[in-house]
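FYI, side chains are in, hydrogens and waters are out, and symmetry mates aren't considered; it's all heavy atoms of this structure. Atoms within each ligand, like the ligands themselves, are counted from 1 in listed order.
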Amino acid sequence: MKGTFISFEGPDGAGKTSVINAIYHDMTSRLGYQKVLLTREPGGNRISEQIRDVLFDDQNTNMDARTEALLFAAARRQHIVEDIEPALKAGKVVLSDRYIDSSVAYQGGGRHLGTDDIWELNQFAIHGLLPQLTIYLDIDSELGIQRINQHRSDQVNRLDREKLRFHRDVRASYLVLAQRHKERIVVIDASQPLADVISDTQRAIQHHFKNIYN
Ligand SMILES: Nc1ncnc2c1ncn2[C@@H]1O[C@H](COP(=O)(O)OP(=O)(O)OP(=O)(O)O)[C@@H](O)[C@H]1O
Ligand SMILES: [Mg+2]
């Protein structure tokens, strides 16, 4: 495929949405809006957004962890087929707020389903489509939660409310993934001021894809 696929990962409050928005803004000013797709998981299209609503419904407190993992994988599959692959075939840059590593870290690590099992489960969903580059925004779990509570307590969802222990397990799993996939995952220190996190991210993208910024 002709396009460029970049995913953004990190624990809650790491700054994924803030950073991806800045990168999107910068890229569209260079390449034009038709050349860049900004999207998020779970979501992107009607079916995936419907699955998202089920996942983040505060009333679904009895959701089984494996059900949750399967729903995330299902939303991902639909996202790939309806949004990501068509954009890549059209030669676009695809920026995705979360992708497969989120499942491995949250369901595999955070929910203790096993990172290898969740990786395998998602191989069926992604059918070979990994990002060329993954920006992993690394942050201390307490600082991440603090940021969310300070800035947008109105948007705290079911997953945000899980215990600190969960967030620590998520981060630990992300760090193992980063070790295992050194060629794909770039670790950025997300405890820095936002402007520095953005410029580090820009540098990493520049380094990987000389053709995007020149
Ligand atoms: N480097 C930073 N320094 C200080 N505050 C930050 C930084 N990055 C983001 N924030 C603030 O922290 C909050 C969370 O940021 P953001 O929503 O971008 O994180 P996220 O990784 O997308 O979180 P989530 O996983 O919950 O979607 C926001 O209010 C944002 O303004
Ligand atoms: Mg976000």
Side-chain angles (χ1 to χ4, degrees), residues 6-28 36-45 48-49 51-58 60 68-69 71-73 75-76 79 83-84 94-111 118 131 133-175 177-178 185-205:
I6 307 173
S7 64
F8 291 73
E9 295 281 357
D12 300 23
K16 296 175 293 300
T17 304
S18 309
V19 171
I20 205 172
N21 284 338
I23 297 293
Y24 177 69
H25 182 78
D26 182 66
M27 271 194 193
T28 52
V36 192
L37 173 70
L38 173 63
T39 188
R40 67 163 184 189
E41 287 208 343
N45 57 77
S48 301
E49 291 288 341
I51 298 172
R52 182 187 181 95
D53 290 344
V54 174
L55 281 162
F56 294 135
D57 185 335
D58 278 331
N60 288 342
E68 184 181 278
L71 285 174
F72 274 114
R76 177 160 305 124
H79 188 218
D83 306 289
I84 299 177
V94 174
L95 305 174
S96 185
D97 193 334
R98 297 191 179 282
Y99 193 64
I100 185 172
D101 303 301
S102 283
S103 285
V104 174
Y106 283 76
Q107 278 66 55
R111 300 245 185 264
I118 298 299
L133 174 67
T134 296
I135 300 293
Y136 167 56
L137 302 179
D138 185 50
I139 191 153
D140 173 77
S141 306
E142 271 159 272
L143 183 55
I145 291 170
Q146 231 176 55
R147 279 186 190 168
I148 282 169
N149 291 343
Q150 266 174 14
H151 298 286
R152 24 157 267 197
S153 50
D154 54 321
Q155 282 180 42
V156 172
N157 63 40
R158 189 169 64 86
L159 294 185
D160 288 337
R161 276 198 284 273
E162 299 295 329
K163 298 190 181 71
L164 184 60
R165 175 67 187 268
F166 174 84
H167 289 275
R168 290 202 175 123
D169 291 342
V170 167
R171 185 194 186 197
S173 304
Y174 266 131
L175 289 170
L177 276 167
I185 302 178
V186 173
V187 182
I188 308 272
D189 175 7
S191 69
Q192 306 175 89
L194 183 57
D196 295 340
V197 181
I198 291 167
S199 60
D200 279 6
T201 301
Q202 232 142 15
R203 211 168 302 124
I205 294 173

Chemist: Purely on distance, is any nitrogen or oxygen of L194 under 3.5 Å from one on ligand 1?
Modeler: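 Yes - when backbone and side-chain N and O of L194 are compared with those of ligand 1, one distance drops under 3.5 Å.
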
Chemist: Report yes or no: is the cationic atom of R76 (NZ for Lys, CZ for Arg) closer than 6.0 Å to the six-membered ring centre of Y99, at no more than 45° off its axis?
Modeler: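 The answer is yes, since R76 meets both limits relative to Y99.
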
Chemist: Salt bridge check, E49 against R40: does any charged N sit closer than 4.0 Å to a carboxylate O?
Modeler: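 Between E49 and R40 there is a salt bridge, with a charged N closer than 4.0 Å to a carboxylate O.
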
Chemist: Please determine, by modelled atom types, if D83 and T39 share a side-chain donor-acceptor pair under 3.5 angstrom.
Modeler: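 No.
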
Chemist: Does the N or O separation between Y106 and ligand 1 drop below 3.5 Å for any pair?
Modeler: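 No.
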
Chemist: Looking at R168 and E142, is any side-chain nitrogen of the basic one under 4.0 Å from a carboxylate oxygen of the acidic one?
Modeler: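 Between R168 and E142 there is a salt bridge, with a charged N closer than 4.0 Å to a carboxylate O.
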
Chemist: Considering distance alone, does some N or O of K16 sit under 3.5 Å from an N or O of ligand 1?
Modeler: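 Yes, K16 has an N/O under 3.5 Å of an N/O on ligand 1.
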
Chemist: Less than 4.0 angstrom from a charged side-chain N to a carboxylate O is my criterion; do K16 and D138 meet it?
Modeler: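 Salt bridge: no.
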
Chemist: M27 versus I205: any side-chain heavy-atom pair under 4.5 Å?
Modeler: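 Yes, close enough: below the 4.5 Å cut-off.
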
Chemist: Taking atom types as modelled, find out whether S199 and D196 have a side-chain donor-acceptor pair closer than 3.5 angstrom.
Modeler: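 Side-chain D/A pair, S199 to D196: absent.
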
Chemist: Using a plain distance cutoff, I'd like to know if G15 has any nitrogen or oxygen under 3.5 Å from a nitrogen or oxygen of ligand 1.
Modeler: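 Min N/O separation from ligand 1 is below 3.5 Å for G15.
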
Chemist: By number and element, which atoms of ligand 1 are closer than 4.0 Å to a non-hydrogen atom of R98?
Modeler: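 Near R98, the atoms of ligand 1 are 25 (O).
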
Chemist: With a cut-off of 2.8 Å, does any N, O or S atom of T17 fall short of it relative to the Mg ion (ligand 2)?
Modeler: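 Yes, since at least one N, O or S atom of T17 sits under 2.8 Å from the Mg ion (ligand 2).
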
Chemist: What atoms of ligand 1 come closer than 4.0 angstrom to any heavy atom of S18?
Modeler: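 Heavy-atom distances to S18 below 4.0 Å select 9 (C), 15 (O), 16 (P), 18 (O), 30 (C).
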
Chemist: Could you tell me which atoms of ligand 1, counted from 1 in the order shown, lie closer than 4.0 angstrom to a heavy atom of D12?
Modeler: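 Here the atoms of ligand 1 in question are 25 (O).
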
Chemist: Test your reading of the structure: does G13 have an N or O sitting under 3.5 Å from an N or O of ligand 1?
Modeler: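 Yes, there is a polar N/O contact under 3.5 Å.
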
Chemist: Can you list the ligand 1 atoms lying under 4.0 Å from a non-hydrogen atom of Q192?
Modeler: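 Close to Q192: 1 (N), 2 (C), 3 (N).
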
Chemist: Show me which atoms of ligand 1 lie under 4.0 Å from any heavy atom of P193.
Modeler: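 Taking each heavy atom of P193 in turn, ligand 1 has 1 (N) under 4.0 Å.
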
Chemist: Within the 4.0 Å heavy-atom shell around I148, which atoms of ligand 1 are there?
Modeler: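 Result: 26 (O).
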
Chemist: Distance-only, no hydrogens or angles: does the R147 side chain make a donor-acceptor pair with backbone N or O of A14 under 3.5 Å?
Modeler: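 Yes, R147 side chain to A14 backbone: donor-acceptor pair under 3.5 Å.
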
